[in-house]
Amino acid sequence: MFERFVTYLGEMTPRERWLLAIVFGLVIPLAIVFLWLLPLAKSKTAASTQAVVADILHQWVLDRGVEYTALARLGDETTITNTVPVGISGVEESLKRANLRQFATQLTGRDAGGVEMHFEDVAFSELANWLSIAERNWGYTISRYRFERTAKTGFVAAEFLLHPAAP
């Protein structure tokens, strides 16, 4: 077989031999690099990136689990201390203590002792923290609420309608 190849090369012109050498010396290795090795490297990089993202997500989920456990423990220890409605002034006082009063655009008394509240451009996390703490102590239940996303990330416009809690 090798003899036939040598004979075949011997019958070629020098120009044909150079072209054949270029094909075997440059074109085939370049084809291997571009068609096999580079896609392999790209897929390895993509897999590494996905693994890093998965690790970050896993750590985030673990952190949320720790927070949930702490909040659940806090929720078990905290009991409702007031079943008598504190009134609109009590709600306003709790807003002041939480530094949220300046975001309340409307705080109105309603029929049957209810309270209506409107907030504009308030940090959602601060509002949610205040609600989770205050609702246990103010003697009201939230009967209606609405959140709307605002232009700033993490901020909302919110409306709440509170009614006296049932004893």
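Source: prediction; values computed, not measured. FYI, side chains are in, hydrogens and waters are out, and symmetry mates aren't considered; it's all heavy atoms of this structure.
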Look up atom [atom1] in [X] and atom [atom2] in [Y], then write down how far apart they are to the nearest 0.5 Å.
| X | Y | atom1 | atom2 | value |
| --- | --- | --- | --- | --- |
| Leu40 | Leu35 | CG | CG | 12.5 Å |
| His118 | Leu161 | NE2 | CG | 8.5 Å |
| Arg64 | Gln59 | CZ | CD | 9.5 Å |
| Phe155 | Glu126 | CZ | CD | 7.0 Å |
| Arg101 | Lys96 | CZ | NZ | 7.0 Å |
| Thr105 | Glu159 | OG1 | CD | 8.5 Å |

Any chain of hydrophobic side-chain contacts (each under 4.5 Å) joining [X] to [Y]?
| X | Y | result |
| --- | --- | --- |
| Val66 | Ile56 | no |
| Val27 | Trp36 | no |
| Leu107 | Val156 | yes |
| Ile22 | Leu30 | no |
| Val52 | Trp60 | no |

For the student: nearest non-hydrogen atoms of [X] and [Y], plus distance:
| X | Y | value |
| --- | --- | --- |
| Ala104 | Leu95 | CB-CD1, 4.3 Å |
| Glu120 | Ala157 | OE1-CB, 3.8 Å |
| Gly10 | Arg17 | O-NH1, 3.9 Å |
| Phe34 | Leu38 | CD2-CD1, 3.3 Å |
| Ala98 | Trp130 | CB-CD1, 3.5 Å |
| Pro29 | Gly25 | CG-O, 3.3 Å |

Practice item. Taking the side chain as every heavy atom from C-beta outward, state whether Glu116 and Arg144 have any atom pair closer than 4.5 Å. Key: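 With C-beta onward as the side chain, the pair touches.
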
Review point. Can you list the residues that meet the side-chain contact (heavy atoms from CB on, under 4.5 Å) rule with Thr13, with sequence neighbours excluded?
Key: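 Per chain and number, Thr13 pairs via side-chain contact (heavy atoms from CB on, under 4.5 Å) with Arg15, Glu16.
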
Exercise for review: For Phe160, check side-chain contact (heavy atoms from CB on, under 4.5 Å) against everything at least two apart and list the hits.
Suggested key: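 For Phe160, the residues satisfying side-chain contact (heavy atoms from CB on, under 4.5 Å) (neighbours in sequence not counted) are Met117, Phe119, Leu127, Leu131, Ile142, Tyr145, Phe147, Ala158, Leu162.
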
Review point. Within a radius of less than 6.0 Å around CD of Gln106, do more than 12 heavy atoms belonging to other residues, nucleotides or ligands occur?
Key: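 Yes.
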
